[in-house]
Amino acid sequence: MSAYFSRVHGNRVGRSNNKLVGGCRQDRVSAAMISGAARFFPCASFLLLAFVLCAVPVAMADGWPDLSSPRPTTAAHREDAAVVVGLEAYTFLPPVQGAVTSAQRWAAHLVQSRGVPRDRVFLLEDTRATASAIANSVADAALEVGSGATLWFVFVGHGAIAPDGNDGILLGIDASQSQSALSRQGLSLGALLKILDMGAQAHTLVVLDTSFDSLGPSGGPQDVFSASSSGKPSSSDSSTDVLPGTLARTISTRLDERGTVFMPVQALSPPPTLPGLDLPVFSYLLLGGMRGWADQDTDGRVLPAELADFVNNTLELVLGPQAPGLSVLGNRDTPATTFGREPAPEFPAIVVDAIRQRILDTEIALDELQERLLAKAENDWQRLQPLLRDGIGEPHLEAYLSRYNPAIVTWNHIRRWVQVPHMEQARQMLGMDQPGAPDAAPARQQARHTQLTEDLRRLSKRNAWKGVERAYNDIVALGEFGVQPSQEDHLLGAQAARALGHTSGVHDRLLAALAILPTPEIIAWLNDIEISYGKVRLEGTSGSQPRLDPWVMPFAPDQRACIQYAAGELAETGGFQGYLPWGWYHFGEYFRLLPPGDQSLEITWGKPRR
């Protein structure tokens, strides 16, 4: 395992490792950290992005490693036997994306990497995987497995909880959305374990890559957890406790010293996904772990306990502390692999590439949504014209302004402000001028506003941004006298906030300027923030000394200033809420991914401040 992965891949990352990780990975460049200062010139930003993406392909990760080619081995476990089930295209249930591919990779791993004879690996895919076919194949494998060998069972598909809450059921291809048919269309875990126990194997290894949250009498995914007459807990009481509290204990009591079972810690609906990976995550990470990614002590053996730790740590690293977990029941010490030496990939770099691709895909989707919105806005405007000519269109004109100012489309938690034509014309028709210093305001305050605006212009030309910030705040304070900032005031204030690293201030001031009159420059600037930054809320104890370290320090001056501003807030107050360039960060002791867009990442360490 690489030294890098071992340092950052635990539940927590000590401060002593922060500098090492941040310093060793300066060759990794995030796409969100390369949007320069060309805020008013979107083309320039795009060219800069294209240049960096093309100029440093070697420094980027190549995506999630392809596990379709198992590692060859000279080891031969010719007495092993295995049943691998992949159910993707259910007849009556939602598909399980990538289930068949995962099953094929499991079978290939057993044959090519473990050396199990092909005729001892029973692979059941989709239509062949009825409940009875699965049970019969398990029985055949139990008869063929040799003494001292391992009997494998891998299931990738939908699962459910038995109506009495005491057992789990693996659903066959023809399973329907009805509890009454579970016994006919599924194989219970109790029955599965009994059949597996018929073999002479020394070790039984079961992988259940399933949601256990699939169907119910009314078709809803939660119905299968509803309280039964036996009084078992329902999902409405504690959806995350049903699986470990009931099913896991039941399975543990049925396992002897030979058995090891991997299963999800909780009911999962929908199943977890990793950015840019369209495969069931538990199977993917378990297979990767067996190649050596999970070999924490680098002794060439991968134990079940190491595999579970690896999967859970990876999911927490990539998906955060609320990530689903994988449990290992029974025997945790019999090696699942005895040749594991392949180093783990650098998951942060892989995720950065996946998010970069997601951003590019999001841009395409937003383009389409923007075209639809503009077409609708134009149609609404044309329908307004006869009403305006008849002198009865004013209420409809106000509704038009309300609907399209601002106009926003959203995809993948990323928003885009859209410049809708006719906005200025509509405002003029309604007699709506840009607010400035109203005539009703005292002459002294109007004069003060004029002087402060001149100060803004003069100081901004000298790049004296602290002075601009002070002058802008003084203008805002004049609001109590009826004097409102102009659009120019807001824009100069936004430039000051950007230079000082206060990106939330930039965003708020741009929105204030947008409310006065939408312009292409304002909209381009807002959209650049939306796609280049993420929202974060950090909170710690008042006596703590939290640190904020980016995995890669961006070279754009405004993004550097943003990180420095947030770090200063953390040091001074113990907390921070606002925008940061998206990417990986050390938040105190934690190494977390801040995604781009409007979803907020919240991290609390120690006791929250009161």
Side-chain angles (χ1 to χ4, degrees), residues 83-96 99 103 124 126-139 153-197 204 206-230 232-235 239 241-255 259 261-271 280 282-283 326-327 329:
V83 176
V84 180
V85 182
L87 279 161
E88 185 165 347
Y90 278 86
T91 306
F92 303 108
L93 298 178
V96 180
L124 304 179
D126 279 346
T127 55
R128 297 179 56 208
T130 61
S132 58
I134 296 172
N136 291 336
S137 296
V138 174
F153 178 79
V154 178
F155 181 88
V156 188
H158 279 309
I161 302 295
D164 64 3
N166 285 322
D167 206 350
I169 299 176
L170 305 179
L171 302 179
I173 186 66
D174 55 348
S176 61
Q177 297 187 358
S178 169
Q179 286 186 355
S180 61
L182 287 179
S183 59
R184 301 191 311 272
Q185 299 166 340
L187 175 64
S188 72
L189 296 183
L192 170 68
L193 294 175
K194 285 182 180 179
I195 302 173
L196 290 170
D197 285 345
T204 304
V206 178
V207 175
L208 304 177
D209 191 352
T210 179
S211 63
F212 285 109
D213 188 13
S214 307
L215 76 167
S218 63
Q222 297 296 333
D223 292 333
V224 76
F225 293 104
S226 60
S228 66
S229 58
S230 63
K232 297 300 176 184
S234 69
S235 62
S239 62
D241 290 338
V242 171
L243 196 53
T246 303
L247 183 55
R249 281 198 299 269
T250 302
I251 293 177
S252 296
T253 60
R254 296 173 180 172
L255 289 175
V261 175
F262 291 98
M263 62 184 298
V265 169
Q266 64 192 59
L268 305 171
S269 181
F282 290 138
S283 285
L326 186 71
S327 176
L329 307 176

Minimal heavy-atom distance between E88 and A99, with the atoms involved, is OE1-N, 3.5 Å
Per side chain to side chain contact (heavy atoms under 4.5 Å, CB included), F153 is matched among I195, T204, L170 by L170
Sorted by chain and number, sequence neighbours left out, side-chain hydrogen bond (donor to acceptor under 3.5 Å, both in side chains) with S283 holds for W106, D209
Would you say S327 and F262 make side-chain contact, with heavy atoms under 4.5 Å? no
Checklist entry - So do the side chains of L124 and V84 get within less than 4.5 Å of each other, counting heavy atoms only? => result no
Sorted by chain and number, sequence neighbours left out, side-chain hydrogen bond (donor to acceptor under 3.5 Å, both in side chains) with T91 holds for none
Verify, without hydrogens or angle tests, whether D167 (side chain) and S188 (backbone) share a donor-acceptor contact under 3.5 angstrom. no
Problem set entry | Note, L329 side chain near M263 side chain (heavy atom, < 4.5 Å) | yes
### Message
Main chain of H158, side chain of Y90: is a donor-acceptor contact present, judged purely on distance under 3.5 Å?
### Response
yes
Correct closest heavy-atom pair for L87 and A129 would be CD2-CB, 3.6 Å
I want to check something: taking the side chain as every heavy atom from C-beta on, are V265 and L326 in contact at a cut-off of under 4.5 Å?
no
The side chain to side chain contact (heavy atoms under 4.5 Å, CB included) partner of F155 among L192, L189, V85, V207 is V85
Original post:
Do N136 and V138 pass the side-chain contact (heavy atoms from CB on, under 4.5 Å) test, and can you show the C-alpha distance, the side-chain angles, and the key distance before you say yes or no?
Top reply: CA-CA 5 Å; N136 291 336; V138 174; over 6 Å; no
Residues P280 and V156: closest non-hydrogen pair is CG-CG1, 3.8 Å
Hits for side-chain hydrogen bond (donor to acceptor under 3.5 Å, both in side chains) against T130, two or more places apart or cross-chain, chain-then-number order -> S132
Residues passing the side chain to side chain contact (heavy atoms under 4.5 Å, CB included) test with D197, sequence neighbours excluded, are D256, R258
